[in-house]
Structure formats: C-alpha cells, structure tokens
A.B. asks: 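First the structure, which I've put down as structure tokens, then a few questions once you've had a look.
In this chain, numbering begins with 1 at the start of the sequence shown. Computed from a predicted structure; not experimentally measured.
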Amino acid sequence: MEAEARKKLVAEKFSELFGGQPQLWSRAPGRVDLMGSHTDYNLGYVMTMTIDQDTWIAARARQDGRVCIRSLNAAGGGDFALDSLEQSRGCNWTDYVRGTAWALQQAGYRLTGFDGLVHSTVPFGSGLSSSAALEMACAVMFQQTSDLKLDPVEMALIGQAGENQYVGMNCGILDQYSSALGQAGSALLLDCRSLTSQVTPMAAGINVVICDTRAERNLAGTEYGERRAQCEQGVEMLRSHYPDIEALRDIRFEQLESHRAELPEVVYKRCRFIIQENQRVLDLAQALPGGDRLRLSELFRDSYQGARDLYQISAPAMEAMLQAMLAAPGVIGARQTGAGFGGCMVGLVEEGQLAAFAGQVLNDYAQRTGIQPQVYPVIASPGAGLLG
Ligand code: ADP
Ligand code: MG
C-alpha cells in the first residue's frame with residue numbers, strides 16, 4: 001500500500017475509534033538478520049538490516065495518565081493507567097505497549113499517555129521482529145507526548161527491558177537495536193557487547209529477499225530458553241580454563257576444540273555454532289561491500305548448516321524453503337533469519353533475476369509443502385522515528 005493511502009486509512013480508523021484526528025505519528029521498522037543467529041545474547045556480532053515493512057502509531061496525547069491503544073492488525077486492545085502497570089499485565093498484544101511504558105518508568109521517565117492506533121506491515125511471529133517494531137514505535141510516541149530525550153541505544157535497551165521483564169520474553173538486543181538504529185540503504189554490523197554498529201553497504205546488484213515459510217513458529221516453547229541455558233553452561237564450564245571469559249563471544253574456536261571432551265555433546269554443538277557464526281558475521285562484513293558471490297554463498301550455506309545440525313533450530317518448512325531457494329534462478333545465498341523454528345528464510349538474489357526467483361520459489365515451495373509462502377524483496381529503511 002502506498003504511504004499516502006495507508007496514512008489516510010489509519011487516520012480514518014483513528015477518527016472512527018477515538019473521534020477527531022491523530023496529531024502525532026511514529027514509525028519503526030522490522031529487521032532481517034543477514035548473519036548472526038542467536039549471537040546477540042552471547043554478546044557477539046550480528047549483520048542486521050532494517051526492512052521497509054514497518055509499524056506505525058497514530059496518536060493524540062491525553063492528560064489523564066492513561067493510554068488507550070488499538071491495532072488494525074489484532075483484535076482486542078487496552079485502556080490502562082500509567083501508574084499501575086505492575087498490576088495490569090493484560091496477557092495480550094498490548095503487553096508490548098505496557099511493557100515499553102513500564103520500562104520507561106523504571107528508567108525514571110514521567111510519561112504522558114495517549115489514544116493510539118497501531119498499523120503494521122511487519123508479519124507477526126515470522127522472525128522479522130514485529131514485537132520490537134511495536135515497542136520502538138511506542139517509545140518514539142512516548143518521547144513525543146512526554147517530551148523525553150532518549151538516544152536510540154537507550155531506547156533499544158528500554159524496549160528490550162520491557163520485553164524481557166514485563167512481557168517475559170528473554171530476547172537479546174538485536175531486534176530493538178536494529179529497529180531503533182537501522183540505516184536506510186545499508187546493513188549494520190552490530191557489536192552486541194559494546195552496542196555500537198558500523199554501516200555496511202551491500203554491493204550493487206544484490207537484493208535481499210524474504211521467503212516466508214508461513215509455517216507455525218512457537219518461541220514461547222522451551223527451545224529458546226534451552227539454547228540460552230546451554231550456551232551459558234558452555235561458558236561456565238570453559239571458565240575453569242579461561243577465568244576471564246564472560247560470554248561465548250570471548251572464546252576462540254581452538255579453545256573450544258581443545259576442551260571438547262569435557263563438554264556434554266549438545267553443549268559442545270551449541271557453542272561451536274555460536275563461535276563459528278560469530279566469525280561468519282565478521283567475514284560477511286568483509287564480503288558484502290565487494291559482493292564476492294562465491295564467498296557470500298559459502299557463508300550463507302555454512303550458517304544454515306550450522307543452524308540445522310549444531311544449533312538445531314531448523315524445521316521441515318525451513319528445509320523445504322531452503323531447497324526451493326537454492327534451486328531458483330539468481331540465488332546467491334540462502335539461510336534462516338530470526339530465531340528459527342519456522343518463520344522466514346532470507347536470500348541474496350541477483351537483481352536482474354528477482355522476478356524469476358520469486359516465481360519459482362513460490363511454486364516450488366508450495367509443491368513441496370502444500371503451503372502458499374510469501375516471497376518479497378526488502379529495502380533497508382531508516383530506524384525508528386517520527387513518520388515523515
Ligand atoms: P516477531 O517479533 O518475530 O514478529 P514475536 O512473537 O516476538 O514475533 O512478536 C509478535 C507479537 O507482537 C504478536 O503476536 C503481537 O502480540 C505483537 N504485535 C506485533 N505487532 C503488532 C501490531 N501491529 N498490532 C498488535 N500486536 C502486535
Ligand atoms: Mg519479537
């Protein structure tokens with residue numbers, strides 16, 4: 001949908017729901033990781049990129065200490081007092097909004113509420129980070145209504161704190177950081193320890209393409225927490241040899257190999273994946289600007305194989321999508337994105353072959369699985385801010 005038409009639609013719905021016109025608009029993008037699965041909570045590196053799918057909030061400030069929030073993408077909504085958030089976990093999507101407000105207050109900010117309507121083009125639960133986009137759009141909105149000065153890194157940390165402690169999803173910093181600090185037209189090499197990033201341009205002629213398996217993904221399950229715990233166990237055990245290590249980020253591959261026998265097999269596999277994946281992020285940062293096709297394809301291949309065999313976060317639908325992508329014209333590389341267990345895959349595709357690639361993947365994947373996927377190129381859009 002064109003931006004103008006979208007804005008008109010949201011303004012109309014706002015006026016139906018709340019009466020009058022919205023006065024404030026915020027937006028925050030989703031993201032795709034090009035390399036670095038599960039490296040964020042191991043304090044490593046990620047190559048991340050914002051996408052042109054984003055979340056908007058249209059709002060009008062209110063002075064009675066309440067927020068009334070609705071969404072055009074989800075039923076229900078919330079009408080809550082800002083001074084009793086501890087008691088008001090709603091157990092629906094509005095917890096992401098409440099959680100952001102809660103975390104802002106924990107950081108010492110006094111908030112002014114609003115009537116707000118959310119509209120997003122980021123698909124939910126597909127690994128493109130609709131939750132962080134909602135949180136960052138919310139933080140930008142509070143920034144406006146409450147006249148706050150938040151720098152984007154602080155905003156990302158506040159969103160993460162809300163998602164960790166209020167919503168109860170123990171995610172790393174990747175999603176919020178990407179949504180808050182993403183750059184139009186480029187990927188970012190993010191260092192999850194220092195919370196700094198370097199703009200990494202991509203060679204001309206290469207497109208990033210999302211291939212959404214449309215298969216169920218459930219991270220509320222135990223898998224995500226289990227992976228984190230296994231990484232921590234690895235660090236704990238290796239610390240007896242290397243007292244200074246704080247996270248898997250600090251371990252070199254040779255160090256892991258020399259203590260392989262001491263680690264439970266599953267812990268070894270998890271650690272091996274993270275340490276290698278971290279290195280692949282740095283290697284991708286070298287390869288992306290020049291566009292060395294062979295190197296890009298190897299890095300993507302190794303990342304997926306590690307995710308499947310060592311970190312074990314693949315799923316049958318992801319494997320089917322990978323095969324469809326690798327068989328399609330113009331493909332340079334294909335791998336998982338987001339946390340895995342279903343959701344989206346990401347490809348690097350030659351610009352001139354985009355249509356042929358998409359056409360074949362749609363058919364091939366549908367034949368393999370009986371599921372109609374979605375395939376679309378994405379462009380890096382600016383990080384969270386006011387809707388321009
Ligand atoms: P992901 O962040 O990968 O899309 P999550 O499970 O972390 O997946 O977050 C998805 C959840 O975020 C949705 O189920 C919903 O509760 C909430 N959400 C995200 N965007 C919106 C929106 N536009 N309107 C309402 N809820 C949203
Ligand atoms: Mg999320």
Side-chain angles (χ1 to χ4, degrees), residues 1 29-37 47-54 121-123 126-129 178 182 184-187 200-215 217 280 283-284 287-308 313-338 340 342-381:
M1 198 190 312
R31 64 100 191 88
V32 57
D33 53 290
L34 301 179
M35 195 63 68
S37 290
M47 185 63 73
T48 180
M49 191 182 108
T50 49
I51 58 179
D52 43 330
Q53 282 68 22
D54 58 8
T121 53
V122 186
S126 302
L128 301 178
S129 214
S178 308
S186 282
T200 308
M202 196 175 311
I206 299 179
N207 274 259
V208 177
V209 179
I210 302 292
C211 298
D212 190 341
T213 62
R214 312 277 297 200
R217 186 194 69 151
R280 281 190 287 270
D283 294 346
L284 184 67
L288 214 46
D292 177 344
R293 306 301 199 261
L294 186 61
R295 189 76 188 116
L296 294 174
S297 123
E298 285 170 355
L299 290 169
F300 270 52
R301 178 199 64 202
D302 293 350
S303 177
Y304 178 75
Q305 286 178 1
R308 183 188 57 201
I313 54 172
S314 191
M318 291 168 67
E319 182 68 30
M321 184 59 87
L322 183 91
Q323 297 307 333
M325 291 166 77
L326 291 179
V331 68
I332 299 166
R335 68 181 282 281
Q336 69 285 355
T337 183
C344 292
M345 303 287 283
V346 58
L348 298 180
V349 179
E350 301 289 356
E351 189 155 66
Q353 307 251 40
L354 270 180
F357 173 86
Q360 176 158 333
V361 171
L362 287 170
N363 281 328
D364 188 348
Y365 177 82
Q367 266 178 17
R368 287 172 198 261
T369 61
I371 305 171
Q372 197 56 52
Q374 282 190 335
V375 177
Y376 47 91
V378 287
I379 296 168
S381 72

A.B. asks: Above 12 or not: heavy atoms from other molecules or residues under 6.0 Å from CD1 of Ile379?
C.D. replies: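 No, CD1 of Ile379 has 12 or fewer neighbouring heavy atoms, counting only those of other groups under 6.0 Å.
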
A.B. asks: On a heavy-atom basis, which atom in Thr369 and which in Ala320 lie closest, and how many Å separate them?
C.D. replies: CG2-CB, 3.6 Å

A.B. asks: Within the structure provided, determine whether Arg31 and Ile51 are in side-chain contact (heavy-atom separation under 4.5 Å).
C.D. replies: no

A.B. asks: Applying side-chain contact (heavy atoms from CB on, under 4.5 Å) to Met47 and Leu288, what does each step give before you reach the verdict?
C.D. replies: CA-CA 10 Å; Met47 185 63 73; Leu288 214 46; 4.3 Å; yes

A.B. asks: Would you check if the side chain of Thr213 reaches a backbone N or O of Gly343 as a donor-acceptor pair within less than 3.5 Å?
C.D. replies: yes

A.B. asks: Considering residues at least two apart in sequence or located in another chain, which fulfil the side chain to side chain donor-acceptor pair (under 3.5 Å) criterion with Glu298?
C.D. replies: Arg295

A.B. asks: Do you know which two heavy atoms are closest between Val378 and Gln53, and how far apart they sit?
C.D. replies: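 Minimum heavy-atom separation between Val378 and Gln53: CG1-OE1, 3.5 Å.
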
A.B. asks: Kindly indicate whether the side chain of Gln372, heavy atoms from C-beta on, has any atom under 4.5 Å from the side chain of Arg214.
C.D. replies: no

A.B. asks: Return the CE to OH distance between Met325 and Tyr304, rounded to the nearest 0.5 Å.
C.D. replies: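 Taking CE in Met325 and OH in Tyr304, the distance rounds to 10.5 Å.
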
A.B. asks: Using the side-chain contact (heavy atoms from CB on, under 4.5 Å) rule, take Val208 and Met49 through it: C-alpha gap first, then chi angles, then the decisive distance, then the call.
C.D. replies: CA-CA 10 Å; Val208 177; Met49 191 182 108; 3.9 Å; yes

A.B. asks: Check step by step if side-chain contact (heavy atoms from CB on, under 4.5 Å) holds for Thr200 and Ser186.
C.D. replies: CA-CA 6 Å; Thr200 308; Ser186 282; over 6 Å; no

A.B. asks: Suppose the criterion is side chain to side chain donor-acceptor pair (under 3.5 Å): which pairs have a residue in residues 349-359, not counting sequence neighbours?
C.D. replies: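 For residues 349-359, and leaving out neighbouring residues, the side chain to side chain donor-acceptor pair (under 3.5 Å) pairs sorted by first residue read Asn207-Glu351, Arg293-Glu350.
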
A.B. asks: Provide the closest heavy-atom pair for Leu284 versus Leu34 in the form atom of the first, atom of the second, distance.
C.D. replies: CD2-O, 3.8 Å

A.B. asks: Yes or no on side-chain contact (heavy atoms from CB on, under 4.5 Å) for Cys211 and Tyr376, after CA distance, side-chain angles and deciding distance?
C.D. replies: CA-CA 7 Å; Cys211 298; Tyr376 47 91; over 6 Å; no

A.B. asks: Quick one: list whatever passes salt bridge (Lys or Arg N to Asp or Glu O under 4.0 Å) with Asp364, sequence neighbours left out.
C.D. replies: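 By the salt bridge (Lys or Arg N to Asp or Glu O under 4.0 Å) rule, Asp364 matches Arg368.
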
A.B. asks: Work out which heavy atom in Asp52 is nearest to a heavy atom in Thr121; give both atom names and the distance.
C.D. replies: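 Between these two residues, the closest heavy atoms are O-OG1, 4.5 Å.
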
A.B. asks: With sequence neighbours left out, write down each residue that passes side chain to side chain donor-acceptor pair (under 3.5 Å) with Tyr365, or none if nothing qualifies.
C.D. replies: none

A.B. asks: Which atom pair, heavy atoms only, marks the closest approach of Ala324 to Val361?
C.D. replies: O-CG2, 3.9 Å

A.B. asks: Would you call Asp212 and Val375 a side-chain contact if the rule is heavy atoms closer than 4.5 Å?
C.D. replies: no

A.B. asks: Residues in salt bridge (Lys or Arg N to Asp or Glu O under 4.0 Å) with Asp54, at least two apart?
C.D. replies: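 Listed in chain order: Arg6, Arg27.
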
A.B. asks: Going by the rule side chain to side chain donor-acceptor pair (under 3.5 Å), which residues pair with Ser303 if we only count those two or more places apart in sequence or in a different chain?
C.D. replies: Glu277, Arg335, Gln336

A.B. asks: Less than 4.5 Å apart, any side-chain heavy atom of Cys344 and any of Leu128?
C.D. replies: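 With C-beta onward as the side chain, the pair touches.
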
A.B. asks: How close do Ala215 and Ala317 get, heavy atom to heavy atom, and via which atoms?
C.D. replies: CB-CB, 3.6 Å

A.B. asks: To the nearest 0.5 Å, tell me how far Ser126 OG sits from Ile210 CD1.
C.D. replies: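 These two atoms lie 9.5 Å from each other.
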
A.B. asks: So, do Pro377 and Val349 sit near enough that their side-chain heavy atoms are less than 4.5 Å apart?
C.D. replies: no

A.B. asks: At what distance, to the nearest 0.5 angstrom, does CE of Met318 lie from CD of Gln323?
C.D. replies: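 Spacing of CE (Met318) from CD (Gln323) equals 12.5 Å.
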
A.B. asks: Is it the case that Asp33 and Thr48 place a side-chain donor and acceptor less than 3.5 Å from each other?
C.D. replies: no

